[in-house]
Amino acid sequence: MPQLEISDLITEVDPHSGRRLPVRRAEVIEQLRESGDERAVRIVARLPADQDDVLDPHAVDRLLISVHTELQRLSEELRIGERLVDLLGPLFTAIRSTTGEPGPYRLVDVGCGLGYLVRRLATTNALGADVELVGVDLNAALVGEAERLARAEGLNCTFVHGNAFDLPEAATVYVSTGVLHHFRGSALTEFFQAQAASPAYAFCHFDIAPTPYAPLGAWIFHRARMRNRLGRHDGVASALRAHTDETLLRAAAQSGIRALLYEPRTMANPFCTTLRPVIGVRPHLEAPLRRALKRDARRLVGPEHLTGATR
Ligand SMILES: C[S@@+](CC[C@H](N)C(=O)[O-])C[C@H]1O[C@@H](n2cnc3c(N)ncnc32)[C@H](O)[C@@H]1O
């Protein structure tokens, strides 16, 4: 039975209107029970619901904000912001040199949650003043909290509630962290296709590397650093659901964009690897990106480097 994440099941929104839909607790419990996850069943059974068994949306929002606040700690400890800048800096250098356009360019963080990445980029101004920073999430409570935190610090960035692929203004580059494993099968291909079909020049999505140690590493980290039972459960479930290098490269390549993986399994120390990015660039950008990355360009591989058996 497939591993499920509780946070995927306890909220539902219409992806087009963004309207919140009611979620019945018994239906969530049934799905989790069918997947054989009795621990998750016990966590959901404790969530408050009304007389019609609809989960209390305010309690769910508070819970998800608290889980994502703990999740931010993971991003800080794994230095995801710095690692993203190590790649996005050269990527924007390549874009500036090939387009000849003065900007502004737009970075869109798909599924930004509490907006840690966008807020960090705004605080450090690491990508330059010509890059607008936009975080988008289908979850109104998370993106509302992201907006509140950014305003409290007077940061120059924007947060939008909705579908990242329905924005009125096109992105130059799409990014995300910890989002890819939520998309399975054809939904993963469609995720990349939406970006390839847009005017964007590139994407860069960080997600969990499925090393043999990832589930144990996730368990230790979440046990030690997270208090919330749902967060602990979903942290380990995410590691178990992580896509292989082959799945990501194949799905990204199907979109027609040049798909690349930075530090694939064959080049990384499995004890130290946590999240690694899949990158997509318009074909004319690959050479300038490699030049801008200098020595690190050797860590960037395409689907042609996969073995015949897994390609
Ligand atoms: C696990 S959370 C990741 C949050 C954040 N990136 C982090 O690292 O803390 C995944 C988020 O992606 C959002 N999401 C999924 N597809 C989306 C889309 N097409 N547009 C905007 N948000 C999306 C979901 O609402 C969910 O909040």
Peer 1: For the side chain of Arg232 and the backbone of Met226, is there at least one donor-acceptor N/O pair under 3.5 Å apart?
Peer 2: yes

Peer 1: Restricting to salt bridge (Lys or Arg N to Asp or Glu O under 4.0 Å), what partner residues turn up for Arg299, sequence neighbours left out?
Peer 2: Glu263, Asp296

Peer 1: Are Leu300 and Val85 connected into the same hydrophobic cluster when the rule is that any two of I, L, V, M, F, W, Y join if their side-chain heavy atoms are below 4.5 Å apart?
Peer 2: yes

Peer 1: Would you mind reporting whether Arg291 and Lys294 have side-chain heavy atoms less than 4.5 Å apart?
Peer 2: no

Peer 1: Side chains of residues 152-170: which donor-acceptor partners sit under 3.5 Å, not counting sequence neighbours?
Peer 2:
residue: His161; atom: NE2; partner: Leu138; partner atom: O; Å: 3.0
residue: Asn163; atom: OD1; partner: Phe165; partner atom: N; Å: 2.9
residue: Glu169; atom: OE2; partner: Arg106; partner atom: NH2; Å: 3.4

Peer 1: Find out if a path of hydrophobic residues (ILVMFWY) with successive side-chain heavy-atom gaps under 4.5 Å connects Phe183 to Val13.
Peer 2: no

Peer 1: Verify, without hydrogens or angle tests, whether Arg119 (side chain) and Leu114 (backbone) share a donor-acceptor contact under 3.5 angstrom.
Peer 2: yes

Peer 1: Report the distance from atom OG1 of Thr69 to atom CG of Leu149, rounding to the nearest 0.5 Å.
Peer 2: 7.5 Å

Peer 1: Same hydrophobic cluster for Ile29 and Ile43, using side-chain heavy-atom links shorter than 4.5 Å among ILVMFWY?
Peer 2: yes

Peer 1: A side-chain contact here means heavy atoms from C-beta on lying under 4.5 Å apart; do Leu260 and Arg290 qualify?
Peer 2: yes

Peer 1: Same cluster or not: are Val118 and Leu64 linked, directly or through other Ile, Leu, Val, Met, Phe, Trp or Tyr residues, by side-chain heavy atoms under 4.5 angstrom apart?
Peer 2: no

Peer 1: Return yes if some donor-acceptor pair links the side-chain N/O of Asp234 with the main-chain N/O of Glu5 below 3.5 Å, else return no.
Peer 2: no

Peer 1: Whether the side chain of Asp137 engages the backbone of Val143 through a donor-acceptor N/O pair (distance < 3.5 Å, no angle test) should be reported.
Peer 2: no

Peer 1: Consider side chain to side chain contact (heavy atoms under 4.5 Å, CB included). Of Val173, Val131, Leu289, which one does Ile95 pass it with?
Peer 2: Val173

Peer 1: Does a side-chain heavy-atom distance below 4.5 Å link Tyr116 with Thr177?
Peer 2: no

Peer 1: Quick check against the 3.5 Å criterion: does Asn228 have a side-chain atom that pairs as donor or acceptor with the backbone of Glu70?
Peer 2: no

Peer 1: Apply the side chain to side chain contact (heavy atoms under 4.5 Å, CB included) test between Thr11 and each candidate in Leu63, Val60, Leu142; give the one that qualifies.
Peer 2: Val60

Peer 1: So do Arg282 and Arg258 actually touch side chain to side chain, heavy atoms under 4.5 Å?
Peer 2: no

Peer 1: Distance only, no hydrogens: is a donor on one side chain within 3.5 Å (strictly under) of an acceptor on the other, for His68 and Glu145?
Peer 2: no

Peer 1: For residues Val179 and Gly111, report the shortest heavy-atom separation together with the two atoms involved.
Peer 2: CG2-O, 3.9 Å

Peer 1: Should we count CZ of Arg298 as having more than 12 external heavy atoms under 6.0 Å?
Peer 2: yes

Peer 1: Testing the 3.5 Å rule here: is there a donor-acceptor pair between the side chains of Gln72 and Glu76?
Peer 2: yes

Peer 1: Do Ile80 and Val67 belong together in a cluster built from hydrophobic side chains that touch within less than 4.5 Å?
Peer 2: no

Peer 1: Go through the steps for Asp109 and Arg120 under the test salt bridge (charged side-chain N to carboxylate O under 4.0 Å, His left out), then give the verdict.
Peer 2: CA-CA 12 Å; Asp109 183 3; Arg120 189 172 200 291; over 6 Å; no

Peer 1: Closer than 4.0 angstrom, basic N to acidic O: yes or no for Arg241 and Asp8?
Peer 2: yes

Peer 1: Keeping the roles fixed (side chain from Asp50, backbone from Asp52), state whether a donor-acceptor pair exists under 3.5 Å.
Peer 2: yes

Peer 1: For Asp37 and Gln3, which heavy atoms make the closest approach, and how far apart are they?
Peer 2: OD2-NE2, 3.6 Å

Peer 1: Can you give the donor-acceptor pairs under 3.5 Å from side chains of residues 192-204 to other protein atoms, not counting sequence neighbours?
Peer 2:
residue: Gln195; atom: OE1; partner: His205; partner atom: NE2; Å: 2.6
residue: Gln195; atom: NE2; partner: Phe191; partner atom: O; Å: 2.8
residue: Ser198; atom: OG; partner: Gln195; partner atom: O; Å: 2.7
residue: Ser198; atom: OG; partner: Ala200; partner atom: N; Å: 3.1

